[in-house]
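Have a look at the structure below before the remarks.
Keep in mind that the numbers below use all heavy atoms, side chains included, and drop hydrogens, waters and symmetry copies.
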Amino acid sequence: MKNSIKLYRNQKAVPTTALTIGNFDGVHIGHQRLLEHLVKQAQLRQLQPTVLTFSPHPREFFGLREQRPELIPTRISTLRDKVAALSCCGIQAIHLQTFNQAMAQMSAEDFIQHFLLEQLNMRYLYVGEDFRFGHRRSGDIQLLQEAANRYGFVVETMEDVLDNQQVRYSSTELRNALAFGQIEKANAFLGRQYTISGHVIHGKKLGRTIGIPTLNIPVMPRCALRSGVYIVTVHGLTEQPLPAIASLGVRPTVEAHGEVLLEVHILHHSVSAYGKMVSIAFHQYVRDEEKFSDLQVLKAAIQEDIRITQHYFDIHGL
């Protein structure tokens, strides 16, 4: 259930907090179990259920610093989608902390005392068993437990949450599913449809010239989802979701150096959407993005995609 949520950037917390720490990219079922427990403990202890997360992702910071782009994780969700998902889990405050050189060099002891206790007013901490923190990841659960005894806060840990195949719910597994276009697997990991939200922007209007108008939605850099064509529904324009076909990619048939864009064609529905916030929910992968010889061949391929999409919704409904 969604509640009002406060987003703080590099700010001191005022209420005393029940805290968890992590990147929470995707807010998958493993995250949801952790957040559910945190919210219950916060209510019992009359604390504010709070998430501490970092921007950029620490692995991105180190990847850029060491010029090793292969270390940088792809992004499952935008900050907007992450905040919405955390809010649905009952989180009331998110502290978005800049991960910079000073944060990378902060000792584990300083991280606990100055950061968690003084800045974030933490009284209860709930993290995974393998949680590490501080300079060179020197801090662990044992150090937290010693600090808890010294400073009078409570620390509890959560065991890994496994799916039916005994696979741990993790953002890495979710990224892998998205990288292969395995939408059904990704949706099972999330416990909901994978979605990308954004404002509809003006495109080149090429879709109109071939009779297939599209909504254009910019996506975050290093989007985890494989480029290609997908069966989707569009949320936010009408009361009901609208059936649609979407293409994620750089449009190689019409652009030499295109930015990654999500183009969405709504089936049998004309709607003015410029500037509106929409949410695109992904249902099934259709095919990879291709470079076609000309617009007519592109149009024929899109019409086949539309036929496949219509067939999908005839069987599954919205």
Side-chain angles (χ1 to χ4, degrees), residues 1-60 73-99 115-116 119-128 131 133 156-158 160-161 169-175 178 186-198 219-220 223-225 235-236 277-282:
M1 142 148 165
K2 204 163 174 178
N3 60 36
S4 66
I5 193 164
K6 291 187 168 67
L7 180 64
Y8 300 98
R9 293 175 189 268
N10 304 320
Q11 274 173 274
K12 192 176 188 317
V14 181
T16 47
T17 61
L19 185 71
T20 189
I21 304 168
N23 196 51
F24 291 95
D25 199 8
V27 191
H28 53 66
I29 284 175
H31 290 144
Q32 290 163 35
R33 296 270 175 84
L34 184 146
L35 296 166
E36 189 184 340
H37 181 87
L38 182 80
V39 168
K40 277 187 186 154
Q41 289 297 316
Q43 287 167 345
L44 285 172
R45 298 162 190 273
Q46 296 184 304
L47 302 170
Q48 184 178 59
T50 301
V51 163
L52 168 63
T53 191
F54 296 97
S55 179
H57 191 300
R59 275 165 52 201
E60 181 178 343
T74 55
R75 284 170 63 181
I76 298 166
S77 52
T78 61
L79 179 62
R80 180 194 300 112
D81 288 337
K82 185 194 290 192
V83 168
L86 289 170
S87 179
C88 285
C89 292
I91 295 301
Q92 291 175 8
I94 300 170
H95 283 265
L96 185 63
Q97 183 67 34
T98 302
F99 195 91
F115 197 64
L116 299 186
Q119 188 165 336
L120 293 178
N121 230 338
M122 180 192 77
R123 295 290 178 273
Y124 173 84
L125 179 67
Y126 191 53
V127 287
F131 178 67
F133 61 98
E156 289 184 341
T157 59
M158 182 179 94
D160 289 343
V161 181
Y169 285 103
S170 71
S171 296
T172 301
E173 283 290 329
L174 182 50
R175 284 189 189 99
L178 292 170
N187 290 347
F189 250 63
L190 289 163
R192 61 182 189 281
Q193 304 304 137
Y194 175 66
T195 60
I196 294 176
S197 70
V219 295
M220 61 276 194
C223 176
L225 183 62
H235 301 250
M277 170 65 69
V278 294
S279 188
I280 310 302
F282 289 77

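Gln119 contributes atom CD, which lies 10.5 Å from atom CG of Asn121 (distance to the nearest 0.5 angstrom). Here the NE2-NZ distance, from His95 to Lys6, works out to 10.5 Å after rounding to the nearest 0.5 Å. Atom CD in Gln41 sits 16.0 Å away from atom CZ in Arg123 (nearest 0.5 Å). Note that the CZ atom of Arg75 and the CD1 atom of Ile196 stand 11.0 Å from one another [nearest 0.5 Å]. Once rounded to the nearest 0.5 Å, the distance linking CD of Gln11 with CZ of Arg9 reads 10.0 Å. Between atom CG of residue Leu47 and atom CE of residue Met122 there is a gap of 10.5 Å, rounded to the nearest 0.5 Å.
Between Gln32 and Val161, every side-chain heavy-atom pair lies at or beyond the 4.5 Å cut-off. Side-chain contact between Leu7 and Leu79 is present, with heavy atoms from C-beta onward closer than 4.5 Å. At a threshold of 4.5 Å between non-hydrogen side-chain atoms, the residues His28 and Glu173 do not count as touching. For the pair Tyr124/Leu38, a side-chain contact is recorded, criterion being any heavy-atom separation below 4.5 Å from C-beta on.
For the side-chain contact (heavy atoms from CB on, under 4.5 Å) test with Val51, the passing option among Leu34, Leu19, Leu35 is Leu35; the others fail. The side-chain contact (heavy atoms from CB on, under 4.5 Å) with Leu125 is formed by just one residue from the set Thr157, Ile21, Thr20; it is Ile21.
By the 6.0 Å contact criterion, CZ on Arg192 is enclosed, its count of non-hydrogen atoms from other residues, nucleotides or ligands being greater than 12.
Minimum interatomic distance between Ile5 and Ile91 (heavy atoms only, all atoms of both residues): CD1-O, 3.3 Å. Residues Val27 and Cys89 approach most closely at CG1-SG, 4.1 Å, considering heavy atoms. The nearest pair of heavy atoms linking Val39 to Pro49 is CG2-CB, 4.0 Å. Minimum heavy-atom separation, Leu116 to Leu52: CD2-CD2, 4.2 Å. Taking each heavy atom of Leu96 and Ser55 in turn, the nearest pair found is CD1-CB, 3.7 Å. Closest approach of Leu120 and Thr17 over heavy atoms only: O-OG1, 2.8 Å.
For Tyr169, the ring pair (Phe, Tyr, Trp, His ring centres under 6.0 Å) test picks out Phe189, with sequence neighbours left out.
With hydrogens and angles left out, the side-chain atoms of His37 and Glu156 include a donor and acceptor closer than 3.5 Å.
The backbone N or O of His57 sits nowhere less than 3.5 Å from a side-chain atom of Asn23 that would complete a donor-acceptor pair. For the pair Ser77 (side chain) and Gly26 (backbone), a donor-acceptor distance under 3.5 Å is present. Of the possible donor and acceptor atoms, one in the side chain of Thr50 sits under 3.5 Å from a partner among the backbone N and O of Gln48. Between the side chain of Thr53 and the backbone N or O of Gly22 there is at least one donor-acceptor pair closer than 3.5 Å.
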Could you go step by step and tell me if Asn10 and Gln97 meet the side chain to side chain contact (heavy atoms under 4.5 Å, CB included) rule? CA-CA 5 Å; Asn10 304 320; Gln97 183 67 34; 3.3 Å; yes
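Between Tyr194 and Phe282, the angle of the ring planes lies from 30° to 60°, which puts this pair in the tilted group.
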